[in-house]
Amino acid sequence: MKTPRLPIALQQAVMRSLRQSLERANQVLESAWPEPKLLYQQRGTAAGTAWLNAWEIRLNPVLLLENQQAFIDEVVPHELAHLLVWKQFGRVAPHGKEWKWMMEQVLGVPARRTHQFEIASVRSNTFAYRCQCQQHQLTVRRHNRVLRKESEYRCVHCGSLLIAGEFIAT
């Protein structure tokens with residue numbers, strides 16, 4: 001899928017949100033963390049990711065176009081909080097108490113671990129697999145790993161090996 005072109009006004013709004021959140025955090029934390037690099041390269045169903053060592057935030061351009069205000073209000077601070085927590089506390093649980101504190105007390109944003117966006121436009125094809133108790137949908141990447149005999153997957157409920165094909169109730 002081709003990456004959509006983002007209107008410059010939207011990119012500016014996202015950058016404004018990032019800068020405002022960072023300024024607030026720097027004031028509260030009495031720090032001077034630099035502005036992270038902002039990229040629109042996130043793919044799949046994730047709204048965004050924080051790359052700690054690179055000090056960058058990657059946003060999903062498709063989901064951004066479809067959920068503009070939510071990205072500005074929630075996703076940008078969410079990913080920035082991951083970077084700030086890493087600088088402030090080091091490696092800790094991704095959505096642990098430090099991250100929750102950073103979101104709510106420092107950035108003033110509700111601490112939600114996952115987005116609730118409609119993802120039909122970014123969901124890739126899946127492949128039907130079955131086990132002894134249910135049907136599973138594997139991503140293209142996992143399906144290809146099975147085909148190349150690099151991986152095998154088991155059901156977390158019954159523990160049986162997942163087999164390609166339609167589910168047949170017995």
Side-chain angles (χ1 to χ4, degrees), residues 1 3-4 6-124 126 134 136-142 145 151 153-159:
M1 174 186 345
T3 303
L6 296 173
I8 191 72
L10 179 56
Q11 292 181 49
Q12 290 171 334
V14 168
M15 186 56 77
R16 225 176 0 262
S17 171
L18 175 64
R19 288 179 176 151
Q20 288 170 350
S21 293
L22 181 61
E23 182 180 345
R24 178 177 174 149
N26 278 334
Q27 286 176 351
V28 172
L29 300 172
E30 298 178 354
S31 58
W33 301 119
E35 187 175 289
K37 187 174 184 179
L38 187 59
L39 302 171
Y40 299 96
Q41 297 178 339
Q42 184 65 47
R43 296 172 60 189
T45 59
T49 52
W51 291 74
L52 306 178
N53 289 323
W55 194 250
E56 70 184 30
I57 294 171
R58 296 183 187 177
L59 299 177
N60 187 316
V62 175
L63 292 177
L64 170 57
L65 271 174
E66 295 173 356
N67 307 277
Q68 297 178 17
Q69 198 59 50
F71 259 76
I72 290 165
D73 296 342
E74 299 171 28
V75 176
V76 172
H78 177 116
E79 300 308 333
L80 177 62
H82 285 300
L83 295 177
L84 295 170
V85 164
W86 179 64
K87 287 291 190 186
Q88 197 77 15
F89 301 103
R91 285 223 181 256
V92 295
H95 297 107
K97 63 183 182 198
E98 298 88 354
W99 176 84
K100 185 177 180 185
W101 174 81
M102 188 68 70
M103 286 291 289
E104 294 176 348
Q105 302 304 312
V106 176
L107 299 178
V109 178
R112 292 190 192 95
R113 292 177 43 145
T114 59
H115 67 75
Q116 299 298 315
F117 304 143
E118 175 57 50
I119 58 170
S121 62
V122 291
R123 179 176 285 162
S124 62
T126 58
Q134 63 183 322
H136 302 266
Q137 296 296 319
L138 265 59
T139 63
V140 171
R141 179 174 290 178
R142 287 187 174 195
R145 287 180 180 155
S151 295
Y153 299 95
R154 295 186 175 276
C155 176
V156 296
H157 299 290
C158 70

Only counting residues at least two apart or in another chain, list the ones meeting salt bridge (charged side-chain N to carboxylate O under 4.0 Å, His left out) with Arg142.
-> none
Please name all residues satisfying salt bridge (charged side-chain N to carboxylate O under 4.0 Å, His left out) with Arg145, sequence neighbours left out, ordered by chain then number.
-> none
Those residues at least two apart in sequence (or on a different chain) that pass side-chain hydrogen bond (donor to acceptor under 3.5 Å, both in side chains) with Ser151 are none
Side chains of Leu10 and Tyr40: does their closest heavy-atom pair fall under 4.5 Å?
-> no
Residues in side-chain hydrogen bond (donor to acceptor under 3.5 Å, both in side chains) with Ser21, at least two apart?
-> none
Lys87 side, atom NZ; Ser31 side, atom OG - distance, nearest 0.5 Å | 11.0 Å
Donor-acceptor pairs under 3.5 Å, side chain of residues 55-71 to any protein atom, not counting sequence neighbours: which ones?
| residue | atom | partner | partner atom | Å |
| --- | --- | --- | --- | --- |
| Trp55 | NE1 | Pro34 | O | 2.9 |
| Glu56 | OE2 | Arg58 | NE | 2.8 |
| Glu56 | OE2 | Arg58 | NH2 | 2.7 |
| Asn60 | OD1 | Val62 | N | 3.0 |
| Asn60 | OD1 | Leu63 | N | 3.2 |
| Asn60 | ND2 | Gly44 | O | 2.8 |
| Asn60 | ND2 | Ala46 | O | 3.1 |
| Glu66 | OE1 | Ser121 | OG | 3.0 |
| Glu66 | OE2 | Ser121 | OG | 2.6 |
| Asn67 | ND2 | Leu63 | O | 2.9 |
| Gln68 | NE2 | Leu65 | O | 3.3 |
| Gln69 | NE2 | Asp73 | OD1 | 3.0 |
| Gln69 | NE2 | Asp73 | OD2 | 3.3 |

Roughly how far, to the nearest 0.5 Å, is the CD1 atom of Ile72 from the CD atom of Gln20?
-> 10.0 Å
Gln134 and Cys155 have their tightest heavy-atom pair at NE2-SG, 3.5 Å
dist Gln27:CD -> Leu22:CG (nearest 0.5 Å) comes out at 10.0 Å
Using residues 90-111 as the side-chain source, report each donor-acceptor pair under 3.5 Å to any protein atom, sequence neighbours left out, with the distance given to one decimal.
| residue | atom | partner | partner atom | Å |
| --- | --- | --- | --- | --- |
| His95 | NE2 | His78 | NE2 | 3.3 |
| His95 | NE2 | His82 | NE2 | 3.3 |
| Trp99 | NE1 | His78 | O | 3.4 |

May I have the step-by-step check of side-chain contact (heavy atoms from CB on, under 4.5 Å) for Thr45 and Phe117, ending in yes or no?
-> CA-CA 9 Å; Thr45 59; Phe117 304 143; over 6 Å; no
All pairs passing side-chain hydrogen bond (donor to acceptor under 3.5 Å, both in side chains) where residues 9-19 contributes a residue, at least two apart | Arg19-Glu35
Is the number of heavy atoms from other residues, nucleotides or ligands within 6.0 Å of NZ (Lys37) greater than 12?
-> no
